[in-house]
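To keep things clear, I will list the structure first and then write my remarks on it.
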There are 2 protein chains.
Amino acid sequence: MAVHNDTRQQILEIAEELLQKRGFNAFSYQDIANELGIRKASLHYHYASKADLGLALAERHANRALGFLQGIDEMHLSPWQQLDEFFKPFVDLAKTCQLMCPGGIMAAEFETLPKPMQNRMCEYFTIIHTWLTRVLTQGRASGQLYFGAEPAIKAYAIIATLEGAILIAKTRQNADFIDPIVQDIKVSLGG
Amino acid sequence: MAVHNDTRQQILEIAEELLQKRGFNAFSYQDIANELGIRKASLHYHYASKADLGLALAERHANRALGFLQGIDEMHLSPWQQLDEFFKPFVDLAKTCQLMCPGGIMAAEFETLPKPMQNRMCEYFTIIHTWLTRVLTQGRASGQLYFGAEPAIKAYAIIATLEGAILIAKTRQNADFIDPIVQDIKVSLGG
DNA sequence: GTAGGGTAATCTACCAATTGGTAGTTGAGG
DNA sequence: CCTCAACTACCAATTGGTAGATTACCCTAC
């Protein structure tokens, strides 16, 4: 059981890296097998089909996001600090100039993904959008943030900007623009 | 020659639609052949390899963008009107809740694309970023736009927001958020 | 203490389907 | 007659997936 979970975990780890680097349609069980030093057929013992693996990837991503955001909540930070924590992982991804956000790449490949994987990953966006909307709403109510648009819209705008920035970073030699972009987002919130 | 170009054109048309719907790695020569009512092997007469087809797709997209932006220039519009024209195609794509921007999907799949295709499509982003930077710079200089960040940064932020919004629209039932997001962008430019 | 059974996890050896791509043929038009 | 543009008929490689053997280990019963 320990070994089982360990291997399952490693598979997921490798698969996620491949997902972020190449997308779900552009990596194969063989790729994972090679990297893990195991036979391709053995992978089917842990994840019967690629659709199952995909679902696990979407699940992991959504759950990790949920945990991450709850972690921020438990820190009892100011809205500005909460936002900074929220931005961090996106900024880090952009700076790799190589890796996509799992949610972003899954969205891009949406139509080609197995249904359960689609559903679970839509929840990812719902999760982060709900959280961000709440932070913006509370931040404005407490007078610490200042902005005109509806919080739900502003939240979409911010998420779009971050996901889009990661996308664009892949086509540039560097991601020097990411910090100023985040700065600009803050300005738009009255920062 | 006329027929040749016509078929070539049709192939490109179909391929672009498939590209936007499923991504470069998730459609095959067979898919195009089916839709065009032609044998798969015949496609190789027009585009020797899928890499060639991909390059043509990237080329077409970059050239179309260039023409589109030059068209805007020739209209001699105000900065605000120029921006509205610029936003249009992105907004339309977002509202399909299904189609990606060719540039966006190519960026997402970047690492898996043939080198020449990568290069040509990077130019797409350079083209629109250069244009947008210029419009922002001139608009601010003429006092019609007002914003704090550097124009080049603001341009990246806007493009990222639009590309990201298209991405996110695919995961939502509707894209009602897109118009308000564009509105918010305008507000951030002093609108 | 050891023989035996069960289970978890891997392996080898396949499979059909699909992929991008090639060789060589055919038919229609100028 | 020649060339364009299509065709048929392949090909090797890769894909996700299956069947069944093998290994290793733990738990029990004698």
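Per chain, numbering begins at 1; letters A, B, ... match sequence-line order. Source: prediction; values computed, not measured.
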**Asked** In degrees rounded to 10°, what angle is found between the helical axes fit to the five outermost pairs at each end of the helix from C/dG1-D/dC30 to C/dG30-D/dC1?
**Response** 10°
**Item:** Cationic tip of A/Arg140 above A/Phe147 ring, under 6.0 Å, 45° of axis
**Value:** yes
**Message:** Can you identify which nucleotide, out of C/dT10, D/dA5, C/dG21, has its nearest atom closest to the B/Ser49 side chain?
**Reply:** C/dG21
**Prompt:** Of the nucleotides D/dG16, D/dA9, D/dA5, which has the atom closest to the A/Tyr29 side chain?
**Reply:** D/dG16
**Prompt:** Ignoring hydrogens and angles, are the base of C/dG21 and the side chain of B/Lys50 linked by a donor-acceptor pair under 3.5 Å?
**Reply:** no
**Item:** Side chain proximity check, A/Phe87 to A/Ile185, heavy atoms < 4.5 angstrom
**Value:** yes
**Asked** For A/Glu35, what residues pass the side-chain hydrogen bond (donor to acceptor under 3.5 Å, both in side chains) criterion, not counting sequence neighbours?
**Response** none
**Of the listed nucleotides C/dG20, C/dC11, C/dA9, the one nearest the side chain of B/Ser28** = C/dG20
**Lys/Arg N to Asp/Glu carboxylate O, A/Arg120 vs A/Glu59, below 4.0 Å** = yes
**Asked** Does a salt bridge link B/Lys170 with A/Glu111, judged by any charged N lying under 4.0 Å from a carboxylate O?
**Response** yes
**Item:** B/Lys40 bridged to B/Asp31 by N-O distance under 4.0 Å
**Value:** no
**B/Gln30 CD to D/dC10 C1', straight-line distance once rounded to whole Å** = 14 Å
**Prompt:** What is the distance, rounded to the nearest whole Å, between atom NZ of A/Lys40 and atom C1' of D/dA19?
**Reply:** 14 Å
**Asked** Closest to the A/Ile38 side chain: C/dT10, C/dT19, C/dT22?
**Response** C/dT10
**Asked** Can B/Lys154 and B/Glu150 be counted as an ion pair, charged N to O under 4.0 angstrom?
**Response** no
**Item:** Proximity to the side chain of A/Arg39 - top-ranked nucleotide from C/dC11, C/dG20, C/dT19
**Value:** C/dC11
**N or O in side chain of B/Tyr45 less than 4.0 angstrom from D/dA6 OP1/OP2** = no
**Asked** To the nearest Å, how far apart are A/Leu36 CG and C/dA9 P?
**Response** 13 Å
**Message:** What is the separation between atom CZ on A/Arg22 and atom P on D/dT14, rounded to the nearest whole Å?
**Reply:** 13 Å
**Message:** One thing to verify: whether B/Arg8 and B/Glu13 come together as a salt bridge, which I'm taking to mean a side-chain N less than 4.0 angstrom from a carboxylate O.
**Reply:** no
**Request:** For A/Phe24 and D/dG16, give me the distance from atom CZ to atom P, rounded to whole Å.
**Result:** 9 Å
**Message:** Whole angstroms only, please: what is the CD1-P distance between B/Ile32 and C/dT19?
**Reply:** 11 Å
**Request:** Grab the CD-P distance between B/Gln10 and D/dA5 for me, whole Å please.
**Result:** 13 Å
**Asked** Separation of A/His44 atom NE2 from D/dG20 atom C1', in whole Å?
**Response** 15 Å
**Message:** Any base atoms under 4.0 Å from A/Phe27, or only sugar-phosphate, or nothing? Heavy atoms, all strands.
**Reply:** sugar-phosphate
**Request:** Establish, with yes or no, whether the OP1 or OP2 oxygen of D/dA6 is under 4.0 angstrom from a side-chain nitrogen or oxygen of B/Thr7.
**Result:** yes
**Message:** Considering every strand and a 4.0 Å limit on heavy-atom distances, what is the contact class for B/Ser42: base, sugar-phosphate, or nothing?
**Reply:** base
**A/His46 side chain, from C-beta outward: closest of C/dA9, C/dG20, D/dG17** = C/dA9
